[in-house]
2 protein chains.
Amino acid sequence: MTPIEHIDLTKRVYEELKKMILEGELNPGQKILQEKIAEQLGISRTPLLKALQMLEYELLVESIPRRGMYVKKLSAAEIIDIFYAREVLEGLAARLSAQKISENQIVQLRGLFDPFLQDKDNINFEAYEKADRRFHIMILKISDSTVLKRLEMIGNVLLIAYQASLVRPPSETLSEHIAIIEAMSARNGDLAEKLCRDHIRKSRIKLIKELEMQVGHR
Amino acid sequence: MTPIEHIDLTKRVYEELKKMILEGELNPGQKILQEKIAEQLGISRTPLLKALQMLEYELLVESIPRRGMYVKKLSAAEIIDIFYAREVLEGLAARLSAQKISENQIVQLRGLFDPFLQDKDNINFEAYEKADRRFHIMILKISDSTVLKRLEMIGNVLLIAYQASLVRPPSETLSEHIAIIEAMSARNGDLAEKLCRDHIRKSRIKLIKELEMQVGHR
DNA sequence: GTTATGTTTTTTGAATTCAAAATTAAAAAA
DNA sequence: TTTTTTAATTTTGAATTCAAAAAACATAAC
């Protein structure tokens, strides 16, 4: 018998709000008028507030005491900071995954990138980006770490920081992704960690350059 | 003119509760009766609930929907998991700190362990433990990373997991602490990270052994 | 004596209410 | 016209209230 699922309001509100922020319905810097949003969602402020607090931990919203909640506007420094953290955390995830990954999961990971290996010169960026994101989330899942799960947020932040635009092109990252999968498949945790770190570090370095350029041009 | 400080209730309740948990006033596994605690603290359930939610993110309490909040009882697997995360996160903190640390901060860090260098064979464990904890917290602070700050929790968890008992004796760790400080002082981020990771990894390995022993004896 | 059933009490999740603070708008003074 | 002051409105933070669910208790059946 399957137990009846508890769909608590807070979680649903949380999901809805997250979607609204990630899809740009609420823009960075914008004030979140609690009364208004609560009314729109047809709920009271109590569950809304709880959801907002969760999102605050995930760096998606920011609370200024006695002022209100705002959709977080990430600074260049913060985005870079997040990449530094991703570097070590996803590196760890890759290492732990190498110890635990199942044959089935290996097949699934490979499956993510199979479509792009056929015709490397003609890759649909949007589809690749989706696979890329799935890849990183899957590794976090496979690592099956309580702490790392707490940090799935780091994936979300990516979305706002770089909406639908990859930091580096598939021509660079595709082989890196494959190499990470192979290392995990060979149960080589040290190598998987190293490759994963390198992978993200390269993106970070490119990102820093780009952000510096932007600043330099102003 | 100094602006009036906003001491919002939630934060104070949060601090109080954290103290209650860390000092053992509330024991792991114990149910948190909201009404009762709120009355004891002389507040309503609203700010209490917010504080509890914050603590949930820090792994100090656990929420079971429609059941209530409980003081979290960490499993051996979770404690080990936390050490894995500390390994990479504090390693990163050491690396970033090496880039940013001021002369003054170096002096402060050295000062933490000075008292123990005089008479290495006669170290007060309790005092050393305090210095140890300060050391790790300071590095997180110096690294000045938004993401890492979110993870100060990892320090807290340590407290409950290993109340006042060091995983390894000062005779082993003192020199490691000094070496990390020296690496940061020399602005050698790579080395600082490596040393810090090794430092925590050694503790993790010892910890795993001890936990396995405990299980084996049952 | 143990297990099952029904009832009461407690506790949670959520809405509502209320006071204090912040924001906005309006009026008065420079 | 611009700035300052005052008043009105909005919004937050926190308490209270209320319904639904869970836990505890008591009673009845086996």
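So you know, we letter chains A, B, ... as the sequences are listed, proteins then strands, and number each from 1.
- Each of Lys50(B) and Glu35(B) lies near DNA chain D, and the nucleotide nearest Lys50(B) is the one positioned closer to the 5' end.
- The base of dG13(D) is not paired with the side chain of Arg67(A) by any donor and acceptor separated by under 3.5 Å.
- Within 4.0 Å (heavy atoms only), Leu33(B) reaches sugar-phosphate atoms of the nucleic acid but no base atom.
- Each of Arg134(A), His136(A), Lys130(A) was evaluated against Asp132(A); a single residue qualifies, His136(A), per the side chain to side chain contact (heavy atoms under 4.5 Å, CB included) test.
- One atom, CG of Leu9(A), and another, P of dA19(D), lie 17 Å apart when rounded to the nearest Å.
- Listed nucleotides: dT11(D), dA21(C), dT12(C). Nearest to the side chain of Lys31(A): dT11(D).
- Nearest-nucleotide mapping onto DNA chain C: of Ser44(A) and Tyr70(A), the residue sitting toward the 5' end is Ser44(A).
- Using a 4.0 Å cut-off between charged nitrogen and carboxylate oxygen, Asp198(B) and Lys202(B) do not count as a salt-bridge pair.
- No engagement by Lys36(A) is indicated, since no non-hydrogen atom pair under 4.0 Å with the nucleic acid exists.
- In the set dA15(D), dT12(C), dT12(D), the nucleotide with an atom closest to the side chain of Gln34(B) is dT12(C).
- The distance between atom CZ of Arg66(B) and atom P of dT10(C), rounded to the nearest whole Å, is 19 Å.
- In this structure, Leu49(B) places its CG atom 9 Å from C1' of dG13(C), rounding to the nearest Å.
- Taking atom CD1 of Ile37(B) as the reference point, atom P of dT12(C) lies 10 Å away to the nearest angstrom.
- Along DNA chain C, the nucleotide closest to Ile64(B) and the one closest to Arg45(A) are compared, and the more 5′ of them pairs with Ile64(B).
- Across the protein-nucleic acid pair, Glu39(A) atom CD and dT10(D) atom C1' stand 14 Å apart, rounded to whole Å.
- Heavy-atom neighbours of Glu39(B) CD from other residues, nucleotides or ligands within 6.0 Å: at or below the threshold of 12.
- Rounded to a whole Å, the CG atom of Leu48(A) is 14 Å from the P atom of dT11(D).
- Between Phe116(B) and Tyr128(B), the ring planes are perpendicular. Angles over 60° get that label, and only those under 30° would be called parallel.
- Among the atoms of the strands shown, only primed sugar atoms or phosphate atoms (P, OP1, OP2) are found under 4.0 Å from some heavy atom of Ile32(B).
- Residues Lys149(A) and Asp144(A) form a side-chain contact, since some pair of their non-hydrogen atoms from C-beta on lies under 4.5 Å apart.
- A donor-acceptor contact under 3.5 angstrom links the side-chain atoms of Thr46(B) to the base of dA15(D).
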